[in-house]
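Read the structure below first, then the notes.
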Protein chains: 2
Amino acid sequence: MTPSSEMTLIKNATDIGKMIRAKRKEIEMTQADFAGLCNVGIRFISELENGKPTLEFDRVLRVTQLIGIDLFAKGR
Amino acid sequence: MTPSSEMTLIKNATDIGKMIRAKRKEIEMTQADFAGLCNVGIRFISELENGKPTLEFDRVLRVTQLIGIDLFAKGR
DNA sequence: AGATATTTTTCCCTTACGGTAAAATTGTGT
DNA sequence: ACACAATTTTACCGTAAGGGAAAAATATCT
């Protein structure tokens with residue numbers, strides 16, 4: 001598998017959704033439990049993992065941080 | 001000065017907002033013109049640069065990409 | 001089949017977004 | 001400092017959509 005140390009360019013919501021699902025599976029956590037951990041609804045987790053583009057920024061950030069994914073910005 | 005090639009950890013909406021404002025100033029563009037370029041309202045740009053946390057993810061992504069900021073994700 | 005997990009749907013409330021215009025802030029020149 | 005211009009922020013409103021909860025519909029296992 002791709003090691004967790006590699007950088008992934010985020011082009012859209014789908015990119016981050018896939019990473020989150022993969023991480024969650026690693027931890028062997030259900031969407032429901034993970035939603036509880038993140039203080040969001042289960043529907044949000046489902047939509048996030050499926051790449052819904054209009055989710056709120058801070059909620060996405062909260063989930064990524066809790067599951068162990070850091071976001072970085074880099075100017076071109 | 002910190003070169004634009006450096007990676008900045010995004011902990012919240014404020015972090016990305018500051019970068020966007022800095023970039024926009026470099027280009028010497030008004031919020032109004034930049035909003036037109038990004039196909040978003042001028043109010044969105046203002047709120048984004050000031051770190052409003054609940055903005056929609058894809059809109060934030062669209063703006064960052066148009067102004068020359070790439071987002072990366074990295075597992076811990 | 002049965003149990004578990006995930007996705008989707010429905011109902012309801014809240015809120016983001018854009019447009020416009022006014023208020024506030026920042027910047028510039030004299 | 002002062003006046004003036006330019007830019008940014010805020011307020012109001014209508015529309016559209018997000019989000020939570022829970023149930024229903026699919027999917028995925030053993």
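Order of the sequence lines fixes the chain letters, A, B, ..., with proteins taken first and strands second; residue numbering starts at 1 for each chain. For the numbers below, each heavy atom of this structure counts, side chains included, while hydrogens, waters and symmetry mates do not.
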Quick tally for nucleotides 9-21 of chain D: nucleotides whose base has a protein heavy atom under 4.0 Å get B, sugar-phosphate-only ones S, the rest -, giving BBBB-----SBBB
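- Counting all heavy atoms, side chain and backbone alike, A:Leu61 lies closest to B:Ala13 at CD1-N, 4.2 Å.
- For A:Gln65 against B:Lys11, the heavy-atom pair with the smallest separation is NE2-O, 3.0 Å.
- Contact check for A:Leu37 versus A:Met29: side-chain heavy atoms found under the 4.5 Å cut-off.
- At least one side-chain heavy atom of A:Val60 sits less than 4.5 Å from a side-chain heavy atom of A:Phe44.
- Legend: residues meeting side-chain hydrogen bond (donor to acceptor under 3.5 Å, both in side chains) with B:Lys18, ordered by chain and number and at least two apart, are absent.
- Nucleotide D:dT7 holds its P atom 15 Å from the CD1 atom of B:Ile27, rounded to whole Å.
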